[in-house]
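First the proteins, then the strands, lettered A, B, ... as listed; each starts at 1. Since the model is a prediction, treat every value here as computed from it, not as a measurement.
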2 protein chains.
Amino acid sequence: MTTQKSSAHDKAAVPDIVIGRLPIYLRTLTIFRNSGKDVTSSQELGEYLGISSAQIRKDLSHFGEFGKQGTGYNVAYLCKQLEKILKVDCVWPVLLVGAGHLGHALASYEGFENRGFRITGVFDSSQEKVGGQIGNLVVQPMDELNDFVSRQRCQIAIIAVPAEAAQNVANLLIKVGVKSILCYAPITLTLPPHVQVEYIDPVIHFQHMTFYLSKGCIDS
Amino acid sequence: MTTQKSSAHDKAAVPDIVIGRLPIYLRTLTIFRNSGKDVTSSQELGEYLGISSAQIRKDLSHFGEFGKQGTGYNVAYLCKQLEKILKVDCVWPVLLVGAGHLGHALASYEGFENRGFRITGVFDSSQEKVGGQIGNLVVQPMDELNDFVSRQRCQIAIIAVPAEAAQNVANLLIKVGVKSILCYAPITLTLPPHVQVEYIDPVIHFQHMTFYLSKGCIDS
DNA sequence: CGCCATTTGTGATACAGTACACAAATGGGG
DNA sequence: CCCCATTTGTGTACTGTATCACAAATGGCG
């Protein structure tokens with residue numbers, strides 16, 4: 001998606017591609033709300049996002065009628081509804097594996113909390129990193145994973161380890177019951193079909209972009 | 001995509017969605033190659049990626065005939081061809097704005113180089129961060145941006161600054177001639193149509209995933 | 001040397017996603 | 001109180017994408 005995604009969604013009542021746009025609507029509507037805007041229209045939102053107003057209306061229509069003809073949408077109300085639909089009207093605990101530079105950046109990021117997520121545990125296989133402090137979390141050894149998940153009922157995990165280790169980490173996560181994985185390692189994981197995976201790999205985006213650029217790179 | 005994308009691609013000879021899959025093929029083929037595999041088939045690659053073999057063949061067919069009937073594809077050869085198509089058979093200089101935790105992680109990441117990219121400059125607006133060392137790079141003040149780009153002819157930039165600052169940074173980047181932006185800030189940028197933008201926002205992925213999860217979150 | 005299993009590249013076909021266009025509300029202004 | 005500009009929600013047409021299915025190569029094996 002840029003980056004990529006893949007998973008197994010069968011209850012195809014609402015197309016997955018529609019679900020994928022809802023978080024973007026929500027993000028923008030939240031900005032609108034925080035800047036004091038009370039109402040908006042599908043047209044305004046669409047112009048802002050580079051999406052047709054019809055698409056936004058149709059997407060929303062899968063879940064109900066949230067607008068008022070002639071007026072548009074109440075921003076705060078629509079935010080709340082989207083949060084409910086996406087189930088982020090609460091905070092989900094997230095487990096992070098990998099305490100390298102990236103793990104640090106993720107664990108220190110303050111933008112998760114008010115969008116529905118909180119990293120509640122950091123794990124690393126390296127003896128050197130275990131015990132280290134990141135924000136108000138302490139890096140734990142991988143052995144603790146099982147106990148941790150059963151205590152926290154953590155369904156979501158981030159993999160922020162080197163590519164070589166990622167598949168093993170994923171297997172472990174599945175074993176302890178994690179349902180959804182966000183993988184930062186530049187590989188495609190092999191996983192049972194009931195587990196959701198999405199990927200973040202900046203190089204995929206770069207390579208997508210360079211296709212459209214005229215070559216002006218450092219000679220290799 | 002996951003995360004999101006948006007840009008302006010007019011030479012629609014090859015659908016953009018096809019271009020978007022090529023980097024994934026390349027990434028996997030490179031892994032195949034590095035593990036000593038000489039040939040592969042669209043079926044094997046497809047099973048590995050969870051994509052139909054027909055799709056892979058059709059995607060590749062937009063660019064030529066790279067396989068041999070009965071045998072499949074020479075892995076090293078196909079890698080080279082994909083690298084040429086995506087223009088990553090060389091190293092692109094990339095400019096990084098933002099030297100916070102995320103900027104640090106990106107600037108220290110060693111996985112860019114052998115996939116066609118190198119961060120050659122790091123910039124930050126904060127006086128405290130300017131002058132600091134990250135790997136073998138020194139954080140520069142924003143004023144240096146213009147000179148730097150004209151020296152390096154940098155077409156690609158990463159925005160790794162807080163959401164509030166991102167649009168201003170983007171404007172600046174456009175002004176100095178950057179053509180493609182990878183934005184880590186959780187907002188949608190408003191940019192002229194000739195500029196490519198892609199976004200990375202983990203929360204978008206999380207919210208996509210929670211839709212399919214049964215609610216089991218910390219009470220808010 | 002001929003057969004068979006394999007695999008590519010691709011036209012035809014089926015499917016999914018987007019855009020269009022309009023009836024039905026809504027509210028403000030004259 | 002009525003008219004008009006606005007905007008939603010949605011059935012329909014259209015466009016784009018993925019799948020199917022098969023002819024044409026290929027190479028190994030008997």
Which atom pairs, donor and acceptor, lie under 3.5 Å between side-chain atoms of residues 92-109 of chain A and protein residues at least two apart or in another chain?
from: A:Trp92; atom 1: NE1; to: A:Lys87; atom 2: O; distance (Å): 2.7
from: A:Ser108; atom 1: OG; to: A:His104; atom 2: O; distance (Å): 2.6

Quiz: residues 113-123 of chain A side-chain donor-acceptor pairs under 3.5 angstrom, not counting sequence neighbours:
from: A:Glu113; atom 1: OE1; to: A:Arg118; atom 2: NE; distance (Å): 3.1
from: A:Glu113; atom 1: OE2; to: A:Arg118; atom 2: NE; distance (Å): 3.1
from: A:Glu113; atom 1: OE2; to: A:Arg118; atom 2: NH2; distance (Å): 2.7
from: A:Arg115; atom 1: NH1; to: B:Asp201; atom 2: OD1; distance (Å): 3.4
from: A:Arg115; atom 1: NH1; to: B:Asp201; atom 2: OD2; distance (Å): 3.1
from: A:Arg115; atom 1: NH2; to: B:Asp201; atom 2: OD2; distance (Å): 2.9

Donor-acceptor pairs under 3.5 Å, side chain of residues 73-80 of chain B to any protein atom, not counting sequence neighbours: which ones?
from: B:Asn74; atom 1: OD1; to: B:Ala76; atom 2: N; distance (Å): 3.1
from: B:Asn74; atom 1: OD1; to: B:Tyr77; atom 2: N; distance (Å): 2.9

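Without hydrogens or angle criteria, A:Thr210 side chain to B:Leu86 main chain gives a donor-acceptor distance under 3.5 Å. Judged purely by atom type and a 3.5 angstrom limit, B:Thr71 has no side-chain atom pairing as donor or acceptor with the backbone of B:Gly67. In this structure, the side chain of B:His62 engages the main chain of B:Asp59 through a donor-acceptor pair within 3.5 Å.
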Atom pairs under 3.5 Å: protein N/O with N/O of nucleotides 27-30 of chain C:
none

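The salt bridge (charged side-chain N to carboxylate O under 4.0 Å, His left out) test applied to B:Lys175 returns no partner, not counting sequence neighbours. Looking at residues two or more places apart in sequence or on another chain, you find no salt bridge (charged side-chain N to carboxylate O under 4.0 Å, His left out) involving B:Arg33. With sequence neighbours excluded, the residues that form a salt bridge (charged side-chain N to carboxylate O under 4.0 Å, His left out) with B:Glu44 are B:Lys37. Remark: A:Lys68 engages no residue in a salt bridge (charged side-chain N to carboxylate O under 4.0 Å, His left out) (not counting sequence neighbours). When the side-chain hydrogen bond (donor to acceptor under 3.5 Å, both in side chains) test is applied to A:Ser180, the partners found at least two apart in sequence or on another chain are A:Gln196.
Taking a 4.0 Å limit (strictly below) on heavy-atom distances, residues 57-65 of chain A reaches DNA chain D at A:Arg57, A:Lys58, A:Ser61, A:Glu65.
The side-chain contact (heavy atoms from CB on, under 4.5 Å) test with A:Leu82 is passed by exactly one of A:Val88, A:Leu60, A:Thr30: A:Leu60.
For C:dT26, neither phosphate oxygen OP1 nor OP2 lies less than 4.0 angstrom from any side-chain nitrogen or oxygen of A:Tyr73.
From one end of the helix from C:dC1-D:dG30 to C:dG30-D:dC1 to the other, with five pairs defining each end axis, the axis direction shifts by 0° (rounded to 10°).
If you take CD of B:Gln55 and C1' of C:dA14, they are 15 Å apart, rounded to a whole angstrom.
From the 5' end on, the contacts that DNA chain D makes with chain B at under 4.0 Å to a non-hydrogen atom open and close at D:dT17 to D:dG27.
Residues A:Asp89 and B:Lys215 are paired through a salt bridge, judged by an N-O separation under 4.0 Å between the basic side chain and the carboxylate.
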